There are 2 protein chains.
Amino acid sequence: MKKEPNQRRDEIIEKAASLFQEQGYRAVSMRKLALHLDIKASSLYNHINSKQEILSEIVMELARDFTIHIQSVSRSLNKNAGEKMREIIEMHVRVTIRKTDFLACLNNDWMHLGEKDREEYIEMRQSYESDFRAILEEGIQQNQFVKMDKEIAVFSMLSSLRTFYLWLKRNPEQDEQHLIDEMNRNLLDGILK
Amino acid sequence: MKKEPNQRRDEIIEKAASLFQEQGYRAVSMRKLALHLDIKASSLYNHINSKQEILSEIVMELARDFTIHIQSVSRSLNKNAGEKMREIIEMHVRVTIRKTDFLACLNNDWMHLGEKDREEYIEMRQSYESDFRAILEEGIQQNQFVKMDKEIAVFSMLSSLRTFYLWLKRNPEQDEQHLIDEMNRNLLDGILK
DNA sequence: GTCTATAACCTGATAGAC
DNA sequence: GTCTATCAGGTTATAGAC
């Protein structure tokens, strides 16, 4: 809750995200995490209360950022559906670049959150998908988008965006604007001439 | 290797795929798996040699099917790039419908394969992506596809296809041809008018 | 083919010395 | 803030009775 700066704690969470992303939450023990930080597992508990708390720190803040951002975009009145869609795609790419490992954990390990966090996460994800769908609907009604099965389109576009971190892991140091442009074209224009 | 029919063994592997898909390979213990099959964990070892062998059975055959299929499509001489792409997309959707849980395991749990299988898996995945990329290249040269960053396009399209099982889990019993048509449109034509 | 019992080890987490 | 020692329970897998 509070935002006391806590360097060691952040270090632990960063390293955990990196390992979770690589091996999965269940495959990374506290001993393994501690080894990568050159301390003993028991020392971790001076900075965090539980393994699940680390996961929560990684996933929940990022999920809240996504939820808030798409809400503000989808409700803005001075943009048409196409512009909204481009802004969402751009946001996804930017977050992917800045929080690569955190996003990977959000995608792959959310089901290992504690019950309360997990419920909140699922709610936020539903809310996000619902806002995304609303923009598609708006675009179809404005005759800016083609007629389509919105459910499948939401899923298909979000799949590309959500797993973009995988590609970025294998192709680091790309020009940010190039990535944004290409993802916009892939998802909005398609590849056919 | 041999294809003796072995009903109980297949039952175990099916149930394991279902649980792995839901909770992740590491989160499903042999006791948990046994509980869902109404036997004791030790009895499982009369049918399989190890937990990892179950994962291998789930992932490797499916990976080989994908690899072989895209090879035969990409090398066929009587189809243009657009037709090849449509056939690959169709194949992905059909496999997703028929092997939903197996595909989920392939996507999420391949890193828990034994070293030998894991290496073979990675090779097959690279080969698959390389065939996919070649079809895009062919389409660009034939002036059938727009100019694009092929690496990003391969990733983006495959992301949608690979995680289609997630959507299918939440929306079962859809018309197969409708799914194929919509995925073709999403990935090839985009959503913009 | 399933069971009980058990081996050998790993798991998250805590107590208390320094 | 890190350490050693430890707890209580879970992990894969095997041995051997039935």
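Worth knowing before you read on, the calculation uses all heavy atoms, side chains too, and leaves out hydrogens, waters and symmetry mates. None of these values were measured; they are calculated from a predicted model. Below, chains carry the letters A, B, ... as their sequence lines are ordered, and counting in each starts from 1.
In this structure, the CG atom of A/L33 is 16 Å from the C1' atom of C/dC10, given to the nearest Å. Whole-Å rounding puts the B/K32 NZ to D/dG10 C1' distance at 11 Å. As a whole-Å value, the separation of A/D38 CG from D/dC3 C1' is 14 Å. Atom P of nucleotide D/dG1 and atom CD1 of A/I12 are separated by 10 Å, given to the nearest angstrom. Taking atom NE2 of B/H47 as the reference point, atom P of D/dA13 lies 15 Å away to the nearest angstrom. Rounding to whole angstrom units, CG of residue A/L55 and P of C/dG12 are separated by 13 Å. Straight-line distance from the CZ atom of A/R31 to the C1' atom of C/dC9: 11 Å, rounded to whole Å. What separates CZ of B/R9 from P of C/dG1 is a distance of 12 Å, to the nearest Å.
An OP1 or OP2 oxygen of D/dG1 is reached within less than 4.0 angstrom by no side-chain nitrogen or oxygen of A/S43. For the OP1/OP2 pair of D/dT14 and a distance below 4.0 Å, the side-chain nitrogens and oxygens of B/Y45 include no atom meeting the criterion. Close to D/dC3, at under 4.0 Å from its OP1 or OP2, lies no side-chain N or O of A/K40. For C/dC10, neither phosphate oxygen OP1 nor OP2 lies less than 4.0 angstrom from any side-chain nitrogen or oxygen of A/S29.
Judged by distance alone, with hydrogens and angles left aside, the side-chain atoms of B/S159 form no donor-acceptor pair with the main-chain N or O of A/S160 at under 3.5 Å. For A/Q52 (side chain) and A/H112 (main-chain N/O), a donor-acceptor pair under 3.5 Å exists by modelled atom type.
In the set C/dG12, D/dT12, C/dC3, C/dC3 carries the atom at the smallest distance from any side-chain atom of B/I39.
The 5' end of DNA chain C is approached more closely, in terms of each residue's nearest nucleotide, by A/A27 than by the other of A/A41 and A/A27.
Heavy-atom contacts from other residues, nucleotides or ligands closer than 6.0 Å to CD of A/Q177 number more than 12.
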Please walk me through it: do B/M85 and B/M157 pass side chain to side chain contact (heavy atoms under 4.5 Å, CB included)? CA-CA 10 Å; B/M85 215 67 240; B/M157 296 174 76; 4.0 Å; yes
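Counting non-hydrogen atoms under 4.0 angstrom, B/S42 reaches a base of the nucleic acid.
For the pair B/K51 and B/Y25, the cation-pi test (distance below 6.0 Å, angle within 45°) is passed.
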